[in-house]
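First the structure, in the form of structure tokens, and then the observations on it.
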There are 2 protein chains.
Amino acid sequence: MDNAPRVSVLAGEPCETSSWDAGNCPVRDVMNQIAGKWSTLLLEALAQRPYRFGELRRLVPDISQRMLTQTLRDLQRDGYIDRQVFPTKPPSVEYRMTELGHSLFAPLSKVLAWAGENHAAVKAARAKYDASELG
Amino acid sequence: MDNAPRVSVLAGEPCETSSWDAGNCPVRDVMNQIAGKWSTLLLEALAQRPYRFGELRRLVPDISQRMLTQTLRDLQRDGYIDRQVFPTKPPSVEYRMTELGHSLFAPLSKVLAWAGENHAAVKAARAKYDASELG
DNA sequence: TAGTGCTAGTCTCTTTTTGAGACCAACAAT
DNA sequence: ATTGTTGGTCTCAAAAAGAGACTAGCACTA
């Protein structure tokens, strides 16, 4: 049941606070996919250049094959990446970011840049919180 | 064989492909928190104005109290929101976004806007994928 | 005075998701 | 003949999330 298509309720309304339930909210519908543990990492890689399955697996050392397959399928299903099979001797598969994917990655990369710039501040906040919890 | 160029995607160079393991990567460390199912939704709410626990619960109808508590704690721990207890008759708790939280929400809101604008394209891609899977 | 509801949670139990690792078929080199 | 490489799938265990009962102190109600 891992790869069963997720049926999403129809909607078209912007995400107002009065309709923040799962079926009606574009933000939730879109974010719930790209907010996965591995999605942003794979998008970051594929924004750079196309990669093959095994390359991505080596690039992200601690992802399981199962989750790599599944995350790539989800990103493909939402139209962010394309999957192309080459009938070579051992068949190879290339994943490539689509235009839609690049248009998403434009604003997303700003968030990733923020993460890099503010990592220290976040770690400091964590240390402070953990210290006050123990005290 | 492993001739993949180890080049950073982002200008600020927050995450090189040679250190994409969990412990070394600021992007993963920061994103894994804000990428939760409920985090962006709560950040979106608290970017507008402070809210109390019960208000947030009513705002997001399908979040459980357990996950609301836990997500708020995580956001507080990373320094994005503050938690303030008022010793009123029935004690009330107010959650308020910090400066760090607002500085994160600036780029994050661009992604949320993208989600609203491109929801239709994503749904179309999904429909196309599901149709080809069934055929 | 008992009953009800509000507050912001916690505790337990069940279901879902994720992770670890074995297995697959074809073909290439050793 | 064994090993390695390709891109997966399959099963089973562990972790995370969801559902719902339960708490304490106070206010209002009957």
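So you know, we letter chains A, B, ... as the sequences are listed, proteins then strands, and number each from 1.
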task = Enumerate the residue pairs fulfilling salt bridge (charged side-chain N to carboxylate O under 4.0 Å, His left out) with a member in residues 100-109 of chain B, sequence neighbours excluded, ordered by first and then second residue.
result = none

task = Would you please confirm or rule out a distance under 4.0 Å between OP1 or OP2 of D/dG7 and any side-chain N or O of A/Tyr51?
result = no

request  = In whole angstrom, give the distance that lies between atom CD of A/Gln65 and atom C1' of D/dT6.
outcome  = 10 Å

message = Rounded to whole Å, how long is the line connecting atom CD of B/Gln76 with atom P of C/dA8?
response = 15 Å

ask   = Touch check for B/Phe86, heavy atoms < 4.0 angstrom, all strands: base, sugar-phosphate only, or nothing?
value = nothing

ask   = If every non-hydrogen atom of A/Gln65 is compared with every non-hydrogen atom of A/Phe53, which pair is closest and at what distance?
value = O-CZ, 4.1 Å

Value in whole Å for how far the P atom of C/dA8 lies from CD of B/Glu94 = 11 Å

Between the protein and nucleotides 2-7 of chain C, which nitrogen or oxygen pairs are less than 3.5 angstrom apart?
from: C/dT7; atom 1: O3'; to: B/Arg52; atom 2: NH2; distance (Å): 3.4

message = The criterion is side chain to side chain contact (heavy atoms under 4.5 Å, CB included); which residues satisfy it with B/Ser39, sequence neighbours excluded?
response = B/Thr71, B/Leu75

query = Which residue pairs pass the salt bridge (charged side-chain N to carboxylate O under 4.0 Å, His left out) test with at least one member in residues 29-42 of chain B, sequence neighbours excluded?
reply = A/Arg126-B/Asp29

Give me, pair by pair, the N or O atoms of the protein and of nucleotides 14-19 of chain D that are less than 3.5 Å apart, along with how far apart they are.
from: D/dA17; atom 1: N7; to: B/Arg66; atom 2: NH2; distance (Å): 3.1
from: D/dG18; atom 1: OP1; to: B/Lys37; atom 2: NZ; distance (Å): 2.8
from: D/dG18; atom 1: OP2; to: B/Trp38; atom 2: NE1; distance (Å): 3.0
from: D/dG18; atom 1: N7; to: B/Arg66; atom 2: NH1; distance (Å): 3.3

query = Roughly, in whole Å, what's the span from CD in B/Gln84 to P in C/dA8?
reply = 14 Å

ask   = Got a sec, which residues hit side-chain hydrogen bond (donor to acceptor under 3.5 Å, both in side chains) with A/Asn118, two or more places apart in sequence or on another chain?
value = A/Trp114

ask   = Could you give all pairs that pass the salt bridge (charged side-chain N to carboxylate O under 4.0 Å, His left out) test and reach residues 60-69 of chain B, with sequence neighbours left out?
value = A/Arg28-B/Asp62

task = Output all residues satisfying salt bridge (Lys or Arg N to Asp or Glu O under 4.0 Å) with B/Arg96, sequence neighbours left out; order by chain, then residue number.
result = B/Glu94

key: B/Arg83: partners by side chain to side chain contact (heavy atoms under 4.5 Å, CB included), with sequence neighbours left out   = B/Arg73, B/Gln76, B/Val85, B/Val93, B/Tyr95

